[in-house]
Amino acid sequence: MEEYGKNSIEFDYAHFLGASCNKRWTFMEALETIAPVFTVIWKSNLVQLATPEERLWENALKTMSLQQSDESNLVTLLQLAQTEGFDELRVAMPYGLDPEQVEYIQSRCGVVLEWPNGDGFTVQLASPS
């Protein structure tokens with residue numbers, strides 16, 4: 001992930017797909033299943049230390065899934081980026097999307113995907129309501 005401006009970020013969807021295939025449990029995830037009470041305080045402290053970019057990546061790995069469609073994952077990604085306060089998100093894609101997929105994302109998020117070239121799109125995000 002690269003940060004372009006104060007509130008602009010790039011998310012590499014191909015990197016996400018690869019990371020999702022190789023995801024292993026973290027110490028926190030294992031501890032959470034054994035002793036959930038201890039992880040609540042620990043997680044709240046870690047979240048405060050993480051940058052918005054790190055939180056976006058971690059939340060994407062937790063909430064997006066290879067079992068979901070690309071368009072569902074991308075809708076979730078746009079919502080996560082908006083929640084983290086980003087104004088603009090550039091998504092580098094390993095392949096293009098069908099017009100139906102683009103329409104689905106745009107209608108679900110109320111945004112317009114801009115395709116300046118064939119390897120990804122840019123979207124302007126509104127402030128979370």
Side-chain angles (χ1 to χ4, degrees):
M1 269 192 293
E2 294 181 41
E3 190 173 353
Y4 284 102
K6 184 176 181 184
N7 289 317
S8 181
I9 189 167
E10 180 170 335
F11 187 91
D12 187 339
Y13 194 69
H15 186 199
F16 159 75
L17 293 173
S20 293
C21 288
N22 300 322
K23 184 158 178 7
R24 294 191 176 107
W25 275 34
T26 64
F27 174 73
M28 283 296 298
E29 291 168 334
L31 184 61
E32 187 174 55
T33 61
I34 297 168
V37 172
F38 295 114
T39 60
V40 171
I41 295 170
W42 192 357
K43 274 187 175 181
S44 66
N45 289 335
L46 288 178
V47 166
Q48 292 173 0
L49 296 175
T51 66
E53 295 81 11
E54 292 167 334
R55 287 193 303 267
L56 178 63
W57 179 254
E58 289 301 317
N59 286 332
L61 283 175
K62 288 178 186 173
T63 58
M64 294 165 37
S65 167
L66 296 176
Q67 283 72 41
Q68 295 178 353
S69 66
D70 288 331
E71 56 268 32
S72 292
N73 279 335
L74 292 170
V75 165
T76 299
L77 178 62
L78 294 178
Q79 292 167 342
L80 290 171
Q82 189 175 23
T83 300
E84 286 300 329
F86 290 106
D87 297 324
E88 181 181 80
L89 175 67
R90 170 147 170 37
V91 181
M93 295 291 293
Y95 44 79
L97 296 174
D98 294 331
E100 297 83 20
Q101 292 174 302
V102 172
E103 175 58 35
Y104 176 84
I105 295 166
Q106 291 181 150
S107 66
R108 291 289 303 243
C109 295
V111 297
V112 175
L113 305 185
E114 301 169 15
W115 293 84
N117 52 43
D119 66 348
F121 63 87
T122 303
V123 63
Q124 303 299 316
L125 302 168
S127 299
S129 40

Next item on the list: Measure across F86 and P52 and return the closest heavy-atom pair with its distance rounded to 0.1 Å.
Entry: CZ-CB, 3.8 Å
Item checked: Validation row: D70, Q101 side chains within 4.5 angstrom (heavy atoms) -> yes
Next item on the list: Answer yes or no: is there a side-chain heavy-atom contact under 4.5 Å between L77 and Q79?
Entry: no
N/O donor to acceptor pairs below 3.5 angstrom from side-chain atoms of residues 103-113, sequence neighbours left out:
| residue | atom | partner | partner atom | Å |
| --- | --- | --- | --- | --- |
| Y104 | OH | R108 | NH1 | 3.1 |
| Q106 | OE1 | L113 | N | 2.8 |
| S107 | OG | E103 | O | 3.1 |
| S107 | OG | Y104 | O | 3.0 |

Item checked: Contact check, side chains of L56 and E53, non-hydrogen atoms, under 4.5 Å -> no
Notebook entry, point to check: Would you say D87 and S8 make side-chain contact, with heavy atoms under 4.5 Å?
Noted result: no
Check: Should the pair W115 and F121 be assigned to parallel (<30°), tilted (30 to 60°) or perpendicular (>60°) ring geometry?
Finding: tilted
Next item on the list: With rounding to the nearest 0.5 Å, note down the distance linking CG in L78 to CZ in F11.
Entry: 10.5 Å
Margin query: Checking T63 now: which residues fulfil side chain to side chain donor-acceptor pair (under 3.5 Å) with it, not counting sequence neighbours?
Written below: none
Margin query: Between D12 and R90, does any NZ, NE, NH1 or NH2 come within less than 4.0 Å of an OD or OE carboxylate oxygen?
Written below: no
Notebook entry, point to check: Excluding sequence neighbours, so at least two apart, what forms side-chain contact (heavy atoms from CB on, under 4.5 Å) with Q124?
Noted result: E88, E114, T122
Next item on the list: Mind running side chain to side chain contact (heavy atoms under 4.5 Å, CB included) on T76 and L80 for me, showing each step along the way?
Entry: CA-CA 6 Å; T76 299; L80 290 171; 4.1 Å; yes
Notebook entry, point to check: Closest approach of F16 and S65, non-hydrogen atoms and distance?
Noted result: CZ-N, 4.1 Å
Note to self: I'd like to check M64 versus Y13 (side-chain heavy atoms, cut-off strictly below 4.5 Å). Are they in contact?
What the structure shows: yes
Check: How close do N7 and G85 get, heavy atom to heavy atom, and via which atoms?
Finding: OD1-O, 3.7 Å
